[in-house]
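A short worksheet on the structure shown next.
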Amino acid sequence: MAKIDLVRNIGVVAHIDAGKTTVSERFLFHSGKIHKAGEVHDGETQMDWMAQERERGITITAAATTFEWKKHEIHLIDTPGHVDFTIEVERSLRVLDGAVVVFCAVGGVQPQSETVWHQADKFHVPRLAFVNKLDRVGASFDNVVTEIRERLGGNAVPIQLPIGSEDAFEGVIDLIEEQALYFTGDIVDTPDVRPIPEELAPAVAEAREKLVAAIADVDDAIAEKYLEGVAIPPADLKAALRKAVIAVKIIPVLGGTALRNKGIHPLLDSVIELLPAPSDLPPVTGVDPRNTEEKLTRGPKNAEPFAALAFKIAMDEGRKVVFMRVFSGMVEAGGELLNTRTGKKEKVARLFRIHADKRERLEKAVAGEIVAAAGLKDATTGDTLCDPRSPILLERIDTYEPVISQAIEAENNAAKERLDFALAKMADEDPTFRVKEDPDTGQTIIWGMGELHLEVIVDRMRREYGVLANVGKPQVVYRETVLGEAEGHAVFEREMKEQKIFGEARCLVRSLARGSGVKFLKKLAGGLVVPDPVVEAAMQGLRDAASSGADGFPLEDVEVTLLAVGTAEGADAIIGARAAAAESFRRAVKDANPQRLEPIMSVEVTTDDDFLGAIIGDLNQRRGQIQDVATRGPKRVVTALVALRNMFGYSTRMRSLSEGRATFMMKFHAYDTLAAA
C-alpha cells in the first residue's frame with residue numbers, strides 16, 4: 001500500500017460548545033501524540049493554544065496537527081464554531097478530504113452546524129457525524145439523526161446504536177460487525193467487546209436492516225445480495241459504505257461522549273476505514289494562468305508537477321508562516337515555487353509539520369500532505385503555489401465581506417508605527433479583517449465579522465505585538481441603493497497646463513432587486529463613433545463613482561447604463577470622459593431616490609420556556625421581525641431578523657433576561673433599507 005493511501009486529511013467541525021475541541025484532544029491522547037488530555041473548561045487544551053481561546057473556552061483559529069492511528073497518518077484541523085470566525089472553517093474545508101461533524105445530543109442541529117454543513121456541501125466533502133454528549137440529560141441520538149435528515153438534507157445512516165441513555169449511557173453497538181462495545185469512561189481503557197445484550201436484539205436487527213437497505217440503495221452489488229436475502233459479510237458492507245461516503249451519498253452516524261472518553265476509539269477507526277485518502281479523490285482541477293480557457297488537472301502523485309493551495313497565513317514571532325495543502329508533486333526545503341497570482345517565484349526557506357503551536361522540521365513536502373512553509377513573503381490565503389515549469393491556477397477561497405467597523409488609534413505617536421505594523425500583519429492572516437484610513441477624518445478604521453472578532457484582534461495586538469490601542473464604539477457598515485430610476489448628464493471642461501480637457505457623458509441609474517449587486521452596461525446611441533479607450537474611461541468613471549453614493553457609502557443593487565459620451569477636438573478626452581461620467585452618475589443617483597441600506601442580521605436565540613416571553617419582548621423592542629418560534633428538545637428557539645445597529649451589547653442583555661441560560665447566534669442575512677428594520 002502506497003504511503004498516500006495511509007494519509008487522512010480531516011477536519012473537526014461543529015457549532016460552538018458541541019465539543020469538537022474535546023473530540024480532537026481525545027484523538028491526540030489515544031493516538032499517543034499527547035500524554036495528558038487537556039480540558040476546554042480548565043483552559044489546558046493543546047488545540048486551543050492561544051491565550052484568548054483558553055480564557056474564553058472557544059476555538060478562534062483553525063489549529064492543525066498530525067498524529068498516527070493504526071499505521072495511518074492523520075492530518076487534523078480543529079476549526080472554530082463561532083460565526084465570527086466562519087472563514088477559518090471555509091478555508092479549512094476547501095483543503096480537507098473529509099470531516100467529522102460533531103453534534104450535541106441535546107442541542108441537535110444548531111445554527112452554526114447548518115453553516116458548516118452547507119460549507120462542506122459546497123466543497124463536496126465526505127463526512128461522518130458524531131453525536132456527542134449522550135450522557136447529558138435530554139440527550140437523544142434518534143432526534144439528532146432525524147434533524148440531520150430533515151434540516152440539513154443529509155442521508156444520515158446510523159452505523160452504531162447507543163447502549164443506555166443519559167446517566168446510564170455505557171457503550172455502543174457496532175451495527176456492521178454486530179457486536180457491543182462497552183466503555184469504562186477511564187481515558188486509558190480500550191473498549192470492551194461483548195456480544196449484543198438480548199434485550200437490544202430486536203432494535204439492533206431493525207437498525208441493521210435499515211443500514212443494509214441504505215447501502216443497497218446506492219450500491220448495485222449489495223442491492224443484489226440484499227434482494228436475494230443472502231448474508232452480506234461485514235467487509236463487503238464496509239467497502240460499499242466507504243464508496244458511498246466518499247461520493248457523499250451517505251453520512252454514517254456514530255455516538256459517544258468525548259469528555260467521558262466514550263466512543264472515541266470506534267470514531268477513529270471509522271475515520272481511517274470510511275473517510276478518503278487523497279488518492280481516493282479525483283484529481284484537483286485548475287486552469288493554465290497563461291490561457292484561462294485551458295483546463296488542467298493534477299493527480300495526488302509525487303511524480304506529477306507540484307501544486308499546492310495556501311489556505312492560511314499565521315505569524316510566528318513576527319515571521320510569516322504559510323499553511324498549504326499539497327495536491328500533487330513534492331517540494332524540498334530551499335526549492336523554488338511560482339505564486340500564480342503575483343507571477344513571481346519564491347523560495348521555500350523551511351518546511352514544517354505543525355502540532356498546534358509547536359512544529360517539526362521537514363526535508364520535503366509530498367502529495368496529500370498539509371504542511372507549513374516559511375520564506376514565502378508574498379503568499380496570501382487562496383494563492384496557488386506551483387512548479388514554475390508547469391504553472392496552474394487553482395480555484396481561490398471565497399471570503400466574506402465584513403459588517404462591523406471600529407476606529408482604532410495608538411496611545412501615543414511612538415506607538416503609531418507599531419500599531420500600523422501589527423494591523424498589516426493581522427490583515428495578512430485574516431481575509432475577513434480589513435484596515436483602512438478614513439480620508440475625511442484621518443482615523444484608522446478596522447472592519448470585521450462581529451464584536452467578538454474585533455475584540456479578539458485588539459486583544460491579540462496587545463499580547464503578541466505589545467501595542468496598546470484605544471478603540472471607538474463599534475460602527476455599522478452601511479451601503480446605499482436607489483429606489484427609482486433617473487438619467488444624469490454632465491459636461492467636464494478644464495484648461496490645465498495649456499492642455500484642454502473636455503468630456504461629456506449621460507447615464508441611466510435604476511434600482512435592482514435586493515441581492516443583485518451592481519451591474520454596469522453600455523448602450524451608446526447609434527451613429528456615435530467614440531474611440532474605445534474613451535468609452536472605457538467613462539465606464540471606469542462610473543465604477544469609481546459607484547464606490548460611494550449620495551451619502552458616501554458604496555452602492556448595492558443598482559444597474560448603471562452609459563448612454564452617451566461626447567468629446568471635443570484637440571482636447572484630452574480620457575480624463576474628461578472619466579470625470580464627466582462620474583459626475584453624471586452622481587446626478588442620476590440624486591434624482592433616483594437614494595436610500596441608505598444597513599446590515600440585517602439573522603438572530604437565533606435558544607432559551608428555556610420560562611424566559612421565552614422576555615426574549616421575544618426584547619427582540620421586538622429592538623425592532624426585530626420574529627420569523628419563527630420552534631421547539632428543539634427541551635428548549636425553545638426564536639429566529640428573528642434584526643438590524644445590526646440594534647444588536648450591540650445584546651449578549652449581556654440576553655444573559656440577564658435568562659439568568660445566564662440562553663444562548664444566541666447571529667449571522668449576516670442581507671443589506672436592506674433602514675425602514676425595513
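Figure legend: Arg596 and Tyr478 shown as a cation-pi pair, the cationic atom lying under 6.0 angstrom from the six-membered ring centre and within 45 degrees of its axis. Judged by a 6.0 Å distance limit and a 45° cone about the ring axis, Arg151 is not positioned over the six-membered ring of Trp117.
Side-chain contact between Phe311 and Val322 is absent, with no heavy-atom pair separated by less than 4.5 Å. In this structure the side chain of Thr297 never reaches within 4.5 angstrom of the side chain of Val284, judged on heavy atoms. Here the side chains of Leu508 and Glu485 are in contact, with some heavy-atom distance below 4.5 Å. In this structure, the side chains of Val435 and Ile445 stay at 4.5 Å or more apart for every pair of heavy atoms. Within the 4.5 Å cutoff, no side-chain heavy atoms of Ile408 are placed close to those of Asn470. For the pair Thr340 and Cys386, the minimum side-chain heavy-atom distance is below 4.5 Å. Put simply, the side chain of Pro300 does not reach to within 4.5 Å of the side chain of Phe327, judged on heavy atoms. Annotation: side chain of Val560 is in contact with side chain of Phe585 (closest heavy-atom distance under 4.5 Å).
Under a 3.5 Å cut-off, the side chain of Asn302 and the backbone N or O of Ala367 do form a donor-acceptor pair. Here the side chain of Arg127 pairs a donor or acceptor atom with the backbone of Val125 at under 3.5 angstrom. Listed for the Glu304 side chain is a donor-acceptor partner under 3.5 Å among the backbone atoms of Gly299. The main-chain N or O of Val95 is found under 3.5 Å from a side-chain atom of Arg325 such that the two form a donor-acceptor pair. Proximity of a side-chain donor or acceptor of Arg350 to a complementary backbone N or O of Ala374 within less than 3.5 Å is not detected. At least one donor-acceptor pair closer than 3.5 Å links the side chain of Ser516 to the backbone N or O of Ala513.
Atom CD of Glu569 has 12 or fewer heavy atoms from other residues, nucleotides or ligands within 6.0 Å. Residue Asp628 qualifies as enclosed at atom CG: its count of foreign heavy atoms under 6.0 Å is above 12. The environment of CD in Glu417 is sparse: at most 12 heavy-atom neighbours from other residues, nucleotides or ligands sit within 6.0 Å.
Side-chain atoms of Asp378 and Asn339 include no donor-acceptor pair closer than 3.5 Å.
The OG atom of Ser547 lies 13.0 Å from the CZ atom of Phe553; values are rounded to the nearest 0.5 Å. Separating the CG atom in Leu524 from the CG atom in Leu562 is a distance of 5.0 Å, to the nearest 0.5 Å. For the atom pair CD of Glu604 and OG1 of Thr639, the computed distance is 4.5 Å after rounding to the nearest 0.5 Å. The distance from the CD1 atom of Ile246 to the CG atom of Leu281 is 6.5 Å, given to the nearest 0.5 Å. The OG1 atom of Thr384 lies 12.0 Å from the CE atom of Met324; values are rounded to the nearest 0.5 Å. Rounded to the nearest 0.5 Å, atoms NZ (Lys295) and CD1 (Ile392) are 11.0 Å apart.
The pair Glu536-Arg543 meets the salt-bridge criterion, since a charged nitrogen lies less than 4.0 angstrom from a carboxylate oxygen. Between Asp572 and Lys500 there is no salt bridge, since none of the side-chain N atoms of the basic residue sits less than 4.0 Å from a carboxylate O of the acidic one. Look at Asp557 and Lys519 and you find no salt bridge, because none of the NZ, NE, NH1 or NH2 atoms lies under 4.0 Å from a carboxylate O. The pair Asp544-Arg578 meets the salt-bridge criterion, with a side-chain N (NZ, NE, NH1 or NH2) lying under 4.0 Å from an Asp/Glu carboxylate O. Salt bridge annotation for Glu598-Arg645: present, with a cationic side-chain nitrogen under 4.0 angstrom from a carboxylate oxygen.
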- Step-by-step side-chain contact (heavy atoms from CB on, under 4.5 Å) determination, Met647 to Arg622: CA-CA 7 Å; Met647 287 300 291; Arg622 294 169 189 271; 4.3 Å; yes

- Message: Between Leu309 and Phe323, is the side-chain contact (heavy atoms from CB on, under 4.5 Å) condition met? List the steps.
- Response: CA-CA 8 Å; Leu309 190 74; Phe323 285 69; over 6 Å; no

- Task: Please test Ser602 against Leu641 for side-chain contact (heavy atoms from CB on, under 4.5 Å), starting from the C-alpha separation and ending with a verdict.
- Result: CA-CA 5 Å; Ser602 172; Leu641 296 179; 4.1 Å; yes

- Message: For a side-chain contact (heavy atoms from CB on, under 4.5 Å) check, start with the C-alpha distance between Leu423 and Val467, then their side-chain angles and the critical distance, and finish with the verdict.
- Response: CA-CA 10 Å; Leu423 289 173; Val467 173; over 6 Å; no

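A pairwise comparison of heavy atoms in Ala379 and Glu346 identifies N-OE2, 3.6 Å as the closest pair. The minimum heavy-atom distance linking Asn593 with Gly484 is given by the pair CB-N, 4.3 Å. Nearest approach of Pro391 to Leu338, heavy atoms of both residues: CB-CD2, 3.8 Å. Between Ala410 and Leu419 the shortest heavy-atom distance is N-CD2, 3.6 Å. Shortest non-hydrogen contact noted between Ala538 and Val565 is CB-CG2, 4.0 Å. The shortest heavy-atom contact between Ser584 and Ala490 is N-CB, 3.6 Å.
Between His489 and the options Arg587, Glu504, Arg506, a side-chain hydrogen bond (donor to acceptor under 3.5 Å, both in side chains) holds for only Glu504. A side chain to side chain contact (heavy atoms under 4.5 Å, CB included) with Glu487 holds for exactly one of Val509, Thr561, Leu563; it is Leu563. Just one residue in the list Leu597, Leu555, Leu512, Val589 forms a side chain to side chain contact (heavy atoms under 4.5 Å, CB included) with Thr481, and that residue is Leu597.
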